[in-house]
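Each remark here refers to the structure printed beneath this line.
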Amino acid sequence: MSKNVISLLLFFSMLIGVISSAFAVTIESEEIRLGINGYINGHYTYMGKMAMSETETVPDSSTFGTAAHLLFNAVKNKLRVNLNLEFDNGAFARGLESDDEVIGALGIMETFGEYTVSEPFQVRIGNFLTPFGIYNQIRYITPLFAPVVLPMMYSPPENYKGKPLIPANVNLMLFGRYSTDITSIDYYLYGGNGEVNNFGNDKNKDKGLGGRVKLTLPYKLKIGGSYYTVKDDPDTEGREGLYGIDFDITVRDLNLQSEYAKDDAEEHEDRSAYYTRLTYSIGKFAPFVGYDYLKDKGDTLFDHGMHRYSVGTGYTVNNYITLKGEYHYHRIDDKEGLMDVPDDIQMFRTAAIFIF
Amino acid sequence: MKMLKGFLLLFLVLVWIFPVSAFADDIVVIVNEHYPLSSVQLSEVKKIYLGEKKFEGNLQLKVLDQRSSSTIRTKFITEVISITPEAYYGYWLKKFFQEGGFPPLVKDNSLEVIDAVIKDKGSIGYTWREEAKGKNSIKIILIIKGD
């Protein structure tokens, strides 16, 4: 208990320090503009008792954690340089076999240079998140835009042993936008090393290649399609093809978002996921309901799929502070009968996001 | 005769005053004289100030704003972007995280905006109509009528 209190006190004292100094920095002149912004996300998660396999369970747990991002952007004429630092400030979990403390880490999430030849033709080189689906490219800032818990295709539950249905970072991208008065088409063509090993080196000679097209129509209707192929793990996966389609429409204060992704691998059973979410903006509140599904035919627990039903709300205090609270109910599609393990999981998550 | 002189005087005074008072609240969107367009729609200006449009043909736009404490800025953001200045700030804060986009470059006053527009053919800014009147090397591409 004392560890919990200390963690909380440490977290809030850090927040007070940051907020009071409000150190967002913008240096600008006619020639160059430099911006440093970031956010801190403090969160609490309760996970009910859950099945880890057909015979194993883990008890319920509570986790306090913080994460932060610092974004550096410099623009000079048509050149932009970006550095995206990730501070996973660690977490303290209570309720597992022994109280578990996770030490945080500092990492570089993205670093790249971008040159804009014209609006329809831009080039980016470096190491950056792949534009696949609605959230992959901005998944690190999801708390700013959407519920704190990402859909399962981006962030699977803890008892799923597979990887998310999203590509690894890429290294070279050609992209741009063609627009008319009421519509626009964004395209992205990219390539990269695929997954890297613990030392940051490429796993093999094969390269990952992919593309995305996003069409924006009147009434803020957005339709996107993504594709990525790679051969990261020849023995276990073979050549993989990731497909995704997404849809987003906003009518007055209602936003409907839906997405589907499939991983078609030569040496592994197919995996697929989809979700749909309805959000209503009412003043400073943004309540939502959602349904999410993940299926992996090669996983003993997820072979018939897992359903997630979500309800929650965000509350925007002002431009700098957002509060969020969510409840998620998960149910494993139990067609053949699990061995004395629960087929459902309750999850509650709350977060405070401080933007600077 | 005295009455006629009186009316004439009143007429001259009104002619002198009226154009000033009629245009006092008008905001104009100004660009360099070499800017490729001679007029734009309000919706285009909105796109430019929301960072959705960054080029006019091959010309990269340099978008200019005014101090947040100024009356003209509040009026421009409210009427053109159709959101509050606070929401406009929040919009750009999020855009910075999403795309690395920077909000329009802030100038201290209309004179600085006009100077910047004269110097750079991709610059676009806004001033009171009276302030842009008669200025060389710039052109007005949109008039936003006052109350």
Side-chain angles (χ1 to χ4, degrees), chain A residues 24 26-39 69-75 77-84 110 112-114 116-122 124 128 131 135 137-138 140-145 176-177 179-182 184 186 216 316 318-322 355-356, chain B residues 36-37 39-48 50-65 67-68 77 82-108 112-113 115-123 125:
Chain A
T26 305
I27 300 165
E28 55 189 20
S29 68
E30 294 289 338
E31 294 301 315
I32 191 164
R33 305 186 79 185
L34 170 69
I36 305 171
N37 285 68
Y39 76 89
H69 273 272
L70 205 53
L71 207 64
F72 298 77
N73 257 303
V75 174
N77 297 327
K78 293 182 172 185
L79 182 68
R80 176 164 84 95
V81 177
N82 172 293
L83 174 63
N84 179 354
E110 292 181 297
F112 62 81
E114 185 178 292
T116 303
V117 179
S118 63
E119 200 140 34
F121 190 72
Q122 302 173 50
R124 184 184 292 184
F128 49 90
Y135 285 110
Q137 207 177 12
I138 56 165
Y140 69 98
I141 47 165
T142 308
L144 273 62
F145 296 96
R177 172 180 290 177
S179 54
T180 66
D181 287 348
I182 52 169
S184 65
D186 292 86
T216 304
T316 305
N318 53 38
N319 280 330
Y320 309 102
I321 303 171
T322 301
I355 308 158
F356 56 89
Chain B
L37 300 179
S39 70
V40 291
Q41 299 288 322
L42 191 70
S43 57
E44 284 294 301
V45 176
K46 184 175 177 176
K47 275 186 184 176
I48 290 168
L50 287 174
E52 291 170 3
K53 181 173 180 171
K54 298 169 187 169
F55 284 81
E56 188 58 68
N58 285 327
L59 183 65
Q60 189 176 21
L61 300 176
K62 191 180 275 185
V63 190
L64 305 170
D65 202 352
R67 284 275 165 222
S68 57
I77 299 299
S82 309
I83 54 176
T84 63
E86 291 75 25
Y88 186 62
Y89 177 80
Y91 171 86
W92 275 104
L93 191 58
K94 287 183 176 177
K95 203 170 177 70
F96 182 87
F97 286 102
Q98 264 181 310
E99 301 170 12
F102 281 94
L105 190 65
V106 175
K107 294 289 174 188
D108 278 334
E112 283 196 11
V113 170
D115 280 348
V117 167
I118 290 170
K119 283 178 192 161
D120 189 320
K121 67 176 181 179
S123 286

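Chain A is the first sequence line, chain B the second, and so forth, proteins listed ahead of strands; every chain is numbered from 1. Source: prediction; values computed, not measured.
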Practice task
Check whether B:Gln41 gets within reach of chain A through its side chain, its backbone, both or neither, counting any heavy atom under 4.5 Å.
Solution key: neither
Fill in the blank from the handout: Counting heavy-atom pairs under 4.5 angstrom with chain A, the leader among B:Pro103, B:Gly122, B:Gly101, B:Ala87 is B:Pro103
Practice task
Could you look at A:Leu71 and say if it's the side chain, the backbone, both or neither that has a heavy atom under 4.5 Å from chain B?
Solution key: both
Problem - Nearest heavy atoms of A:Val75 and A:Asn77, plus distance in Å - result: CG1-O, 3.8 Å
Problem - A:Arg80, part contacting chain B, at a heavy-atom distance under 4.5 Å - result: side chain
Handout entry: Residues in ring pair (Phe, Tyr, Trp, His ring centres under 6.0 Å) contact with B:Phe102, at least two apart in sequence or another chain
Key = B:Phe96
Handout entry: For the student: nearest non-hydrogen atoms of B:Leu64 and B:Pro104, plus distance
Key = C-CB, 4.1 Å
Exercise for the section: Considering non-hydrogen atoms only, spot the tightest contact between B:Asp65 and B:Val113 and give its length. Expected result: O-CG2, 4.3 Å
Completion exercise
Those residues at least two apart in sequence (or on a different chain) that pass ring pair (Phe, Tyr, Trp, His ring centres under 6.0 Å) with B:Phe97 are none
Practice task
Flag the one option from A:Asn84, A:Asn318, A:Thr116, A:Ile141 with the top tally of heavy-atom pairs under 4.5 Å to chain B.
Solution key: A:Ile141
Completion exercise
Those residues of residues 53-60 of chain B that come under 4.5 Å of chain A on a heavy-atom basis, listed by number, are B:Lys53, B:Lys54, B:Phe55, B:Asn58, B:Gln60
Completion exercise
Here the pair of heavy atoms bringing A:Asn319 nearest to B:Gly90 is OD1-CA, 3.3 Å
Handout entry: Region of A:Ser179 that comes under 4.5 Å of a non-hydrogen atom in chain B
Key = neither
Problem - Intermediate values then yes/no, side-chain contact (heavy atoms from CB on, under 4.5 Å), B:Arg67 and B:Asp108 - result: CA-CA 6 Å; B:Arg67 284 275 165 222; B:Asp108 278 334; 2.6 Å; yes
Exercise for the section: Over 60° means perpendicular and under 30° means parallel, so classify the ring planes of B:Tyr88 and B:Tyr91, tilted if in between. Expected result: parallel
Handout entry: Among the listed options A:Arg33, A:His69, A:Glu114, the residue most often paired with chain B at heavy-atom distances under 4.5 Å
Key = A:Arg33
Exercise for the section: Determine, stepwise, if the pair A:Phe356 / A:Leu70 fulfils side-chain contact (heavy atoms from CB on, under 4.5 Å). Expected result: CA-CA 9 Å; A:Phe356 56 89; A:Leu70 205 53; 3.7 Å; yes
Practice task
Could I get the full list of salt bridge (Lys or Arg N to Asp or Glu O under 4.0 Å) partners for B:Lys47, not counting sequence neighbours?
Solution key: none
Practice task
Examine whether an atom of B:Lys119 lies under 4.5 Å from a heavy atom of chain A, and if so say whether it belongs to the side chain, the backbone or both; otherwise answer neither.
Solution key: neither
